[in-house]
Amino acid sequence: MSGVIVTGPPKADARDIEALAGYGVATVSEAMGRTGLLGPGLRPVQQGVRIAGSAVTVLSWPGDNLMIHAAVEQCGEGDVLVVTTTSPSTDGMFGELFATALSRRGVRGVVINAGIRDTQELRDMGFAAWAKAVSAQGTVKATGGSVNVPVAIGDQMIRPGDVVIADDDGVVVVPRERARETASASEAREAKEAKARAAFLEGRLGLDRYGLREKLEALGVRYTSYEDHAGEAGA
């Protein structure tokens, strides 16, 4: 497997990335029309952490982390390393030493569609990570791959420079061209949810706030007492 290392890809504006960092993965995905999620298979190794940054992408051979070493050189302040493999892998391709090198370069975290190890050490050093698996299985450094090329995870395409947001709910990608509009849409959604939250705190029901009683009626869903229902069931 040959490959390529692409240098200097375009990125979203840093101000738009910081704006997106203020919103959760669910909010951002909803703001984009329920798109961008990388799937439920990527889980955080820590809790209570949210990151947003510019993607540096890696395509590696399974069980081989050579191209992660190559990618470290391409990473800088505010980036998020995004790694996937040419076929499914759960080997522990990323650990504490990589995190140490990336932290030195200002990288905000890693999203890896494969295995990760040294999870306690990563938590202790505060390096954020999302992975498909946790595995102590080691890897080799033997096969070429690519850095900063489009990669696919969970039916989503991630290009170098796209914005990656990750938190306890998972990971979402925002195309770099849509960063500003998505930040604005996320802000509007947050404002809408704040109004709903206030209404619920006052005791209002979603059935009434969202006009769902009429929908239930239209769907043929009816209300009945327990006694009547028990009688109908017995009949």
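Positions are given from 1, in the same order as the sequence printed here.
- Listed by first then second residue, pairs satisfying side chain to side chain donor-acceptor pair (under 3.5 Å) with a partner in residues 122-136 read Q120-R123, Q120-D124, not counting sequence neighbours.
- We find that R105 and D79 are not joined by a salt bridge, their nearest charged nitrogen and carboxylate oxygen being 4.0 Å or further apart.
- Note that CD1 of I5 and CE of M67 are 4.0 Å apart. Values are rounded to the nearest 0.5 Å.
- In the hydrophobic clustering of this structure, I112 does not group with I158; members are Ile, Leu, Val, Met, Phe, Trp, Tyr whose side-chain heavy atoms approach within less than 4.5 Å, directly or through other members.
- By the 4.5 Å heavy-atom criterion applied to side chains, T182 and V28 are counted as neighbours.
- Taking both residues in full, the closest heavy atoms of D91 and G63 are given as OD2-CA, 3.2 Å, listed atom of the first, atom of the second, then distance.
- Residues V25 and G170 approach most closely at CG2-O, 3.4 Å, considering heavy atoms.
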Practice item. Decide yes or no on side chain to side chain contact (heavy atoms under 4.5 Å, CB included) for R189 and Y23, but give the supporting numbers first. Key: CA-CA 10 Å; R189 183 170 180 82; Y23 306 107; over 6 Å; no
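- With contacts defined as side-chain heavy-atom distances shorter than 4.5 Å, the pair I68/V83 qualifies.
- Contact of the V80 side chain with the V110 side chain is not registered, since no non-hydrogen atoms from C-beta on lie closer than 4.5 Å.
- Between R222 and E232, at least one side-chain N (NZ, or NE/NH1/NH2) sits under 4.0 Å from a carboxylate O, which counts as a salt bridge.
- Here the closest heavy-atom approach between residue S103 and residue M125 is recorded as OG-CE, 3.9 Å.
- The closest side-chain heavy-atom distance from T57 to L81 is not below 4.5 Å.
- Two residues are said to be in side-chain contact when any heavy atoms from C-beta on lie closer than 4.5 Å; V56 and N148 meet this criterion.
- Contact detail for D169 and A26: the closest heavy-atom pair is OD2-CB, 4.3 Å.
- The minimum heavy-atom distance between Q156 and L38, with the atom names listed, is CB-CD2, 3.5 Å.
- Between E18 and R108 there is a salt bridge, since at least one side-chain N of the basic residue sits less than 4.0 Å from a carboxylate O of the acidic one.
- Across all non-hydrogen atoms, the minimal contact from R209 to F200 is CD-CE2, 4.3 Å.
- Here OG of S184 is found 9.0 Å from CG of L20. Values are rounded to the nearest 0.5 Å.
- Of the inter-residue distances, the one linking E214 atom CD with L219 atom CG reads 11.5 Å to the nearest 0.5 angstrom.
- Expressed to the nearest 0.5 Å, how far CZ of R159 lies from NZ of K11 amounts to 14.0 Å.
- A heavy-atom distance below 4.5 Å is not found between the side chains of R43 and V134.
- Both L66 and I116 are part of a single hydrophobic cluster, where members link through side-chain heavy atoms under 4.5 Å apart.
- Cluster membership for V147 and V151, using ILVMFWY side-chain heavy atoms within less than 4.5 angstrom, is not shared.
- Taking the side chain as every heavy atom from C-beta outward, L42 and I153 approach each other to under 4.5 Å.
- The shortest distance between side-chain heavy atoms of L102 and V72 falls below 4.5 Å.
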Exercise for review: Report the C-alpha distance between R197 and E202 in whole Å, list the side-chain angles of each, state the deciding distance to 0.1 Å, and finish with yes or no for salt bridge (Lys or Arg N to Asp or Glu O under 4.0 Å).
Suggested key: CA-CA 9 Å; R197 189 177 301 109; E202 292 173 355; over 6 Å; no
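- For the residue pair N65 / T139, a side-chain donor-acceptor distance below 3.5 Å is found, with atom types taken as modelled.
- R213 and E217 are not joined by a salt bridge, as no carboxylate oxygen comes within less than 4.0 angstrom of a charged side-chain nitrogen.
- Partner D64 forms a side-chain hydrogen bond (donor to acceptor under 3.5 Å, both in side chains) with one of T86, T143, T85 and no other, that one being T143.
- Residues satisfying the ring pair (Phe, Tyr, Trp, His ring centres under 6.0 Å) test with F98, not counting sequence neighbours, are H69, F94.
- Remark: E193 CD to S186 OG distance equals 10.0 Å, nearest 0.5 Å.
- Placement of L212 and Y223 within a single hydrophobic cluster is found when ILVMFWY residues are connected by side-chain heavy-atom separations under 4.5 Å, directly or transitively.
- The number of heavy-atom neighbours closer than 6.0 Å to CD of E73, taken from other residues, nucleotides and ligands shown, is 12 or below.
- Here Q137 contributes atom CD and S89 contributes atom OG; the two are 9.0 Å apart, rounded to the nearest 0.5 Å.
- Heavy-atom neighbours of D208 CG from other residues, nucleotides or ligands within 6.0 Å: above the threshold of 12.
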Practice item. Let me see the working for R178 and M32 under side chain to side chain contact (heavy atoms under 4.5 Å, CB included), right down to the final yes or no. Key: CA-CA 9 Å; R178 297 188 61 190; M32 289 196 298; 4.1 Å; yes
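- Cluster membership check: V164 does not share its hydrophobic cluster with L122, using side-chain heavy-atom separations under 4.5 Å among Ile, Leu, Val, Met, Phe, Trp and Tyr.
- The pair E30-K192 fails the salt-bridge criterion, with no side-chain N (NZ, NE, NH1 or NH2) lying under 4.0 Å from an Asp/Glu carboxylate O.
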